[in-house]
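Step one of this worksheet: look at the structure below.
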Amino acid sequence: MSELHSHLRTRIVAAAGGLPLDVVAGLVLQPAKDPAFGDVALQCFALAKHRGQPPQQVASALAAALTPDAVLESATATGPFVNFRFRRAALAEHVVGGILHDRAPYGPMPPTGQCIVVDFSSPNIAKPFHMGHLRSTVIGAALCRLHRHLGATVHGINHLGDWGAQFGKLMTAFLRYGSDAELERDPMRHMFEVYVRYGKEAKADPGLDAESAEHYRRLESGEDNLERRLWKRLRDLSLKAFEGPYRRLGVTFDHVTGESFYEDKMAGALARVREAGILEESEGAEVVRLESLGIKEPCILRKSDDTSIYATRDLAAIFYRSATFRFDRALYVVGSEQKLHFRQLVGVLKRMGVPEAERIEHIDFGLILAKNAETGKWEKFATRGGNAIFLDEVLDEAVANVRRIIAEKNPDLEDRDAVAEQVGVSAIVFNDLKNSRIKDVKFDWEAMLNFEGESGPYVQYAVARLAGILRKADAEVRGAEGVDFAHLADAERVLLPLLEFGPALQRAAAQSEPSVLTGLMITIAGEIHAYLRDHHVLGAEPAVRRSRLALVAAARKVLKTGLGILGVAAPDRM
RNA sequence: GCGCCCGUAGCUCAGCUGGAGAGAGCACCGGAUUUCUAAUCCGGCGGUCGCAGGUUCGAGUCCUGCCGGGCGCGCCA
């Protein structure tokens with residue numbers, strides 16, 4: 001809550017007089033529905049209930065009691081609402097001054113002592129980095145940066161899919177259809193090709209799966225055998241190949257500990273479950289039954305062929321991370337198709353009675369759907385079917401599109417290639433973070449490459465325009481010193497969304513929902529675009545020009561900060 | 001079949017713990033540039049909030065049923 005809001009709250013509580021704590025907590029200030037009403041509004045329903053009076057009456061009494069002061073310009077009752085208007089100078093000074101002085105929430109918040117672990121991206125090795133991996137990667141990276149900004153200690157972990165029965169299959173595939181030369185030439189494509197071929201041939205020949213199971217068993221034996229050496233080679237090649245996409249996306253991890261990292265920790269995890277007395281034998285496998293928690297499907301922790309399964313590794317990871325980081329929250333940015341898996345994991349922890357059960361959160365998200373050209377319907381990408389779209393292809397296409405636009409609109413731009421890369425890549429990132437994460441993303445080339453309206457380039461363009469103005473004002477001071485904020489009385493449409501930056505960050509964090517921030521960025525960009533049309537900066541008289549420059553600097557800074565949290569670059573020229 | 005999620009304008013989506021005439025972008029139509037980047041701005045067109053009940057002073061938001069779509073449902077991850 002901003003100082004403006006807390007000042008207002010204090011006055012409201014004082015004016016209302018002698019309220020119980022729960023009623024005070026229920027006094028929520030919200031942005032006014034319409035700027036014509038005021039800046040912020042208080043709804044009087046809860047207060048009216050407490051008083052036993054009609055809301056309208058409570059509202060008018062409250063409005064009458066709240067006389068203007070240095071911050072508050074007016075309080076007016078409109079039906080059951082009281083609408084407040086801040087003094088323009090106070091609003092501008094708080095917002096613009098706060099931003100230019102890097103005060104929280106515009107600058108980083110002080111450390112909270114909270115520790116958050118974010119498990120994200122986690123691609124399966126030996127498969128190309130495709131669009132399906134993008135969501136977890138960009139949402140997870142955004143949440144990491146968001147929580148850091150809010151003062152938490154964050155551990156971003158890439159829980160690579162580098163272990164499991166799938167590698168038995170990959171080995172069978174490579175040993176049967178692969179070639180060393182091809183593997184060296186284009187490792188990811190080759191691994192993908194032999195894997196796809198395996199998928200087809202295994203349908204006709206069940207013997208392949210038996211062969212694969214044996215490879216996996218030998219891999220898990222712990223011996224330094226053919227399987228282990230091959231696995232290591234495929235893993236190294238994959239890690240190398242993943243560096244590309246991560247670099248382009250600007251994503252980094254604090255820990256790259258894939259599933260294989262827990263190879264020697266699974267036995268201990270399993271032992272803890274057994275000691276808790278909840279591990280049962282069932283059909284040759286070892287499972288934890290979860291019916292008592294309303295989950296019909298038991299959680300399998302040891303398969304009947306005595307090999308491990310991903311639940312075992314996830315459990316081992318939870319114990320390891322808990323002991324190592326002592327996390328308060330562990331966020332798993334994983335697609336919603338794994339919902340049951342995480343419910344089961346938490347279920348096992350609950351039955352064990354360990355506190356980690358309350359600290360695990362599955363941050364689920366929808367799939368990326370492709371439009372079927374023939375039927376016009378939206379369908380899931382099928383990795384094995386071969387219609388998977390590689391991330392690099394998408395990024396390249398976006399960058400090429402930006403290059404075309406630059407050639408047309410700003411042909412003299414310096415560093416054209418670098419800017420095109422930044423704008424193109426971040427258009428894709430922004431597009432992914434734009435919608436509620438739970439909804440499926442419809443992968444639509446046309447929409448994604450349209451940089452008009454609600455898009456990354458739209459926001460970036462605002463930054464570039466603002467930067468251009470500041471550049472031309474060059475020698476002038478850009479801090480808040482000596483600014484007469486009364487001159488920004490006409491900037492309320494920009495100032496009010498800027499005031500929402502803090503609440504938006506809080507809400508984005510509380511809901512693990514980057515789209516809250518994306519939406520605010522679009523709003524701020526839109527308002528500043530509109531403001532610049534009717535309010536010239538450089539041509540204004542000196543005192544006004546000085547104030548508007550401060551506003552321009554502030555808006556640019558907030559956009560840059562917000563985009564930075566989202567993982568979107570904000571070049572000063574484009 | 002069972003469980004979970006989604007269903008708001010032609011398309012893609014917002015709508016913050018239920019609260020002030022249901023908003024935006026795209027598309028379409030019409031305007032704005034002697035001046036700070038027109039990747040912009042301004043205006044217009046466009047909605048039985050899937051359907052039917054219910055709770056409430058008040059429901060796009062909560063509950064129940066139905067319809068449509070998606071995902072999941074024991075040894076893949």
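Residue numbers begin at 1 in each chain, while the letters A, B, ... track the order of the sequences.
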Measure the distance from [atom1] on [X] to [atom2] on [N] and round it to the nearest whole Å.
| X | N | atom1 | atom2 | value |
| --- | --- | --- | --- | --- |
| A:Glu513 | B:U17 | CD | P | 12 Å |
| A:Phe365 | B:G72 | CZ | C1' | 15 Å |
| A:Phe342 | B:C71 | CZ | P | 19 Å |

Quiz item: Are A:Glu361 and A:Ser512 close enough that a side-chain donor and a side-chain acceptor fall under 3.5 Å?
Solution: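 Absent: no donor and acceptor within the cut-off.
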Exercise. Check if the side chain of A:Arg507 and the base of B:C16 share a donor-acceptor pair of N or O atoms closer than 3.5 Å.
Key: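 Answer is yes: a donor-acceptor pair is held.
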Quiz item: Between the side-chain atoms of A:Ser336 and the base atoms of B:G72, is any donor-acceptor pair under 3.5 Å?
Solution: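 By the distance-only test, no, there is no pair.
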Any [X] side-chain nitrogen or oxygen under 4.0 Å from OP1 or OP2 of [N]:
| X | N | result |
| --- | --- | --- |
| A:Arg313 | B:A77 | yes |
| A:Ser122 | B:A77 | no |
| A:Arg465 | B:A39 | no |

Heavy atoms under 4.0 Å, any strand shown: does [X] hit a base, just sugar-phosphate, or nothing?
| X | result |
| --- | --- |
| A:His529 | sugar-phosphate |
| A:Lys434 | nothing |
| A:Ala530 | sugar-phosphate |
| A:Lys339 | sugar-phosphate |
| A:Val516 | nothing |
| A:Asp534 | nothing |

Which nucleotide sits closest to the side chain of [X]: [options]?
| X | options | value |
| --- | --- | --- |
| A:Ala285 | B:G74, B:A20, B:C36 | B:G74 |
| A:Lys442 | B:C26, B:U12, B:A39 | B:U12 |
| A:Glu454 | B:C73, B:U17, B:A24 | B:A24 |
| A:Asn83 | B:A20, B:C4, B:G74 | B:A20 |
| A:Glu337 | B:G72, B:A39, B:G74 | B:G72 |
| A:Lys439 | B:C6, B:A39, B:C5 | B:C6 |

Quiz item: Are the ring of A:Tyr458 and the base ring of B:A39 both nearer than 5.5 Å at their centres and tilted by less than 30°?
Solution: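 A stacking contact does not exist, since A:Tyr458 is not both close and nearly parallel to the base ring of B:A39.
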Self-check item: Heavy-atom side-chain proximity of A:Ile139 to A:Phe120 below 4.5 angstrom
Solution: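 Contact flag for A:Ile139/A:Phe120 side chains = no.
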Exercise. Assign B:G70 to syn or anti; the rule is syn for a glycosidic angle within 90° of 0 and anti otherwise.
Key: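 It is anti.
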Practice problem: Identify whether the distance between the nearest side-chain nitrogen and carboxylate oxygen of A:Lys560 and A:Asp572 falls below 4.0 Å. | Solution: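 Salt bridge: yes.
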Quiz item: So A:Phe129 and A:His133, would you call those rings parallel, tilted or perpendicular, with 30° and 60° as cut-offs?
Solution: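 A:Phe129 vs A:His133 ring planes: tilted.
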Quiz item: With under 30° as parallel and over 60° as perpendicular, where do the rings of A:His341 and A:Tyr310 fit, or are they tilted in between?
Solution: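 Tilted: the ring planes of A:His341 and A:Tyr310 meet at 30° to 60°.
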Quiz item: Pick the nucleotide of RNA chain B nearest each of A:Gln338 and A:Phe37; which residue has the one closer to the 5' end?
Solution: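 Counting from the 5' end, the first nearest nucleotide belongs to A:Phe37.
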Practice problem: Between A:Pro80 and A:Asn450, name the one whose nearest nucleotide on RNA chain B is closer to the 5' end. | Solution: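 Per heavy-atom nearest nucleotide, the more 5' residue is A:Pro80.
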Practice problem: Pick out which of A:Leu146, A:Leu433, A:Asp432 makes a side-chain contact (heavy atoms from CB on, under 4.5 Å) with A:Leu566. | Solution: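 Of the listed residues A:Leu146, A:Leu433, A:Asp432, the side-chain contact (heavy atoms from CB on, under 4.5 Å) partner of A:Leu566 is A:Leu433.
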